[in-house]
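To start, the structure under review is shown below, and the notes come after it.
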Amino acid sequence: MTYIQLAYGDLFLPALLVVMDGVLSLVLRLKLEKQLAIATVRMVLQLVLVGYALTFLFAAVSPLWTALAAFIMVLFASREIVARQKRRLPGTWSYGLGAGCTLLAAGTVTMFALLTELRPDPWYHPRYALPLLGMILGNTMTGISLGLDVLTNGLVRERAAVEACLALGGTRYQALLPVLRDAMRSGLMPTINSMAAIGLVSLPGMMTGQILAGVEPIDAVKYQLLVMFLIAGGTGLGTLAAVMGGARLLTDQRHRLRLDRIPAETST
Amino acid sequence: MLPIGCSLSFDTMLTVSVLKRLHISVSFDLQDGECVALQGPSGAGKTLLLRSIADLDPNDGTVKLDGTLREAMPAPVWRKQVTYLAAEPGWWSDTVQEHFGEWDDALPLVTRLGLPPGCGPWPIQRLSTGERQRLGLARALMLRSRVLLLDEPTSALDSASAAAVESLIAERISNGTSVVWSTHDDAQARRVGSRIFVMSADGRIEENGP
């Protein structure tokens with residue numbers, strides 16, 4: 001495997017493209033220059049830090065440090081899930097449910113891949129575990145946040161229908177079923193769409209990266225297929241768990257719809 | 001078990017004692033085959049009271065059916081016997097007949113309420129408010145509940161349809177069903193209720209003779 005190595009200096013010219021965006025923003029008065037600057041600085045800092053962190057982790061190959069890194073990734077994912085909700089779940093549950101479901105789904109699927117197919121030595125080797133987890137996490141997170149968003153909005157909108165079913169002696173799961181189905185569908189849709197378009201419309205980042213690094217295209221494709229299967233599984237599991245958990249939080253033991261548990265929207 | 005032929009015994013069917021929900025606090029008893037009209041200004045809490053009896057909202061207090069606490073049974077079982085019907089009933093499927101277990105069994109009720117027998121495949125979207133209200137009633141009556149909690153069941157109906165609803169419910173009452181009927185119409189309250197409860201803005205009820 002040979003690949004063309006980049007020095008920091010090689011990034012100077014490409015970085016000018018971002019400066020060009022900034023000039024455009026100034027000239028056209030898009031008022032994006034501040035956001036653009038902050039985002040650029042964040043991107044550079046975050047990626048360089050991650051680079052050093054991964055270098056350290058790969059050298060250490062410690063189960064403890066790898067687990068800590070995975071845990072921090074899950075935390076950021078759950079924060080992102082909460083930030084994407086229009087109506088939030090009650091209290092700490094909004095974080096707990098997001099974190100629990102991403103951890104459960106992405107964790108299970110990553111372990112599954114590591115233990116059955118990739119089998120690195122040791123199995124928790126961060127070189128395999130962390131990139132896999134990262135890719136699955138990102139997609140699972142999208143599925144969960146979409147699913148929860150459709151669930152809470154759907155329950156608010158379909159409140160009369162849900163309560164009509166409850167009043168007629170339906171259980172909370174019978175009453176919520178139409179909304180649960182909608183939520184599951186929207187959670188899975190992005191993954192299905194990207195699976196359908198992959199290769200034709202988009203070349204996935206991981207595969208392109210491997211090809212640039214000198215891997216034979218057909219080998220890169222196999223890796224990409226593995227990752228896509230894992231993503232599909234993780235998104236399905238995670239969305240199911242989050243939507244069921246959300247449904248449980250917004251109903252109670254006496255089969256009542258508890259929209260009062262959604263905190264009033266903060267007008268910001 | 002429906003008591004057969006014991007028209008003289010006033011069995012207490014539904015007992016509500018110190019039912020509290022937000023500002024309302026209510027106690028009353030309902031006999032077998034009795035209809036109580038519930039009146040009071042908008043916002044007094046009539047809907048809150050009916051929903052609380054059906055256990056659709058969190059509430060405090062004791063509610064019993066034939067001496068059995070509602071907490072002693074799963075909430076869906078309770079609501080099949082003590083059924084709340086909203087003034088604007090909700091719909092969870094696209095067509096009328098999907099909301100009924102057996103549409104053919106519901107036809108006699110549906111036609112009696114003045115709806116065409118062919119309305120089964122109609123989309124819910126196409127129904128007028130009054131049609132929805134009558135179909136919602138038919139759907140609830142299919143359960144053959146012991147107690148009906150009717151929230152302004154004729155608010156969207158013309159007088160002919162309202163009369164059809166009143167006579168249908170009267171029939172159920174004479175067969176032993178108990179009813180709490182919330183209405184803004186004083187004449188209707190006197191027609192349907194053997195007793196009239198008036199709810200005041202402070203969330204209490206007072207009994208007025210019919």
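Order of the sequence lines fixes the chain letters, A, B, ..., with proteins taken first and strands second; residue numbering starts at 1 for each chain.
Interface residue L143(B): only side-chain heavy atoms are found under 4.5 Å from chain A. When heavy atoms are compared at a cutoff of 4.5 Å, R139(B) approaches chain A by way of both its backbone and its side chain. Residue P74(B) touches chain A through its backbone alone, counting heavy-atom pairs closer than 4.5 Å. With a threshold of 4.5 angstrom between heavy atoms, R159(A) approaches chain B through side-chain atoms but not through N, CA, C or O. Looking at A54(B), neither its backbone nor its side chain comes within 4.5 Å of chain A, counting heavy atoms on both sides.
Of all non-hydrogen atoms in R254(A) and M73(B), the two that sit nearest each other are NH1-O, 2.8 Å. The shortest heavy-atom contact between R256(A) and D55(B) is NH2-OD1, 2.5 Å. Looking at every heavy atom in both residues, H255(A) comes nearest to P76(B) through CD2-CD, 3.5 Å. Nearest heavy-atom pair across A161(A) and W92(B) is O-CE3, 3.7 Å.
For CZ of F112(A), the number of neighbouring non-hydrogen atoms (other residues, nucleotides, ligands) closer than 6.0 Å is 12 at most. Within a 6.0 Å radius of CD in E206(B), no more than 12 heavy atoms belonging to other residues, nucleotides or ligands are found. Annotation for Y128(A): atom OH does not count as buried by contact number, only 12 or fewer foreign heavy atoms lying within 6.0 Å. Under a cut-off of 6.0 angstrom, the local environment of CH2 in W122(B) is crowded, with over 12 non-hydrogen atoms contributed by other residues, nucleotides or ligands. Heavy atoms of other residues, nucleotides or ligands lying less than 6.0 angstrom from CE of M111(A) number 12 at most. The 12-atom threshold is not exceeded at CD of E88(B), counting heavy atoms of other residues, nucleotides or ligands nearer than 6.0 Å. Under a cut-off of 6.0 angstrom, the local environment of CG in L28(A) is crowded, with over 12 non-hydrogen atoms contributed by other residues, nucleotides or ligands. Applying the 6.0 Å contact sphere to CZ of R144(B) captures no more than 12 heavy atoms from other residues, nucleotides or ligands.
In this structure, R79(B) contributes its side chain and G170(A) its backbone to no donor-acceptor pair below 3.5 Å.
The choice from A167(A), A164(A), A160(A) that makes the most heavy-atom pairs within less than 4.5 Å of chain B is A167(A). Between chain B and the options Q253(A), E163(A), E158(A), the largest number of non-hydrogen pairs under 4.5 Å is found for E163(A). When the candidates V82(B), D57(B), T83(B) are compared by the number of heavy-atom contacts under 4.5 Å with chain A, D57(B) comes out ahead.
Taken from CG in L166(A) to OH in Y84(B), the straight-line distance is 12.5 Å, to the nearest 0.5 Å.
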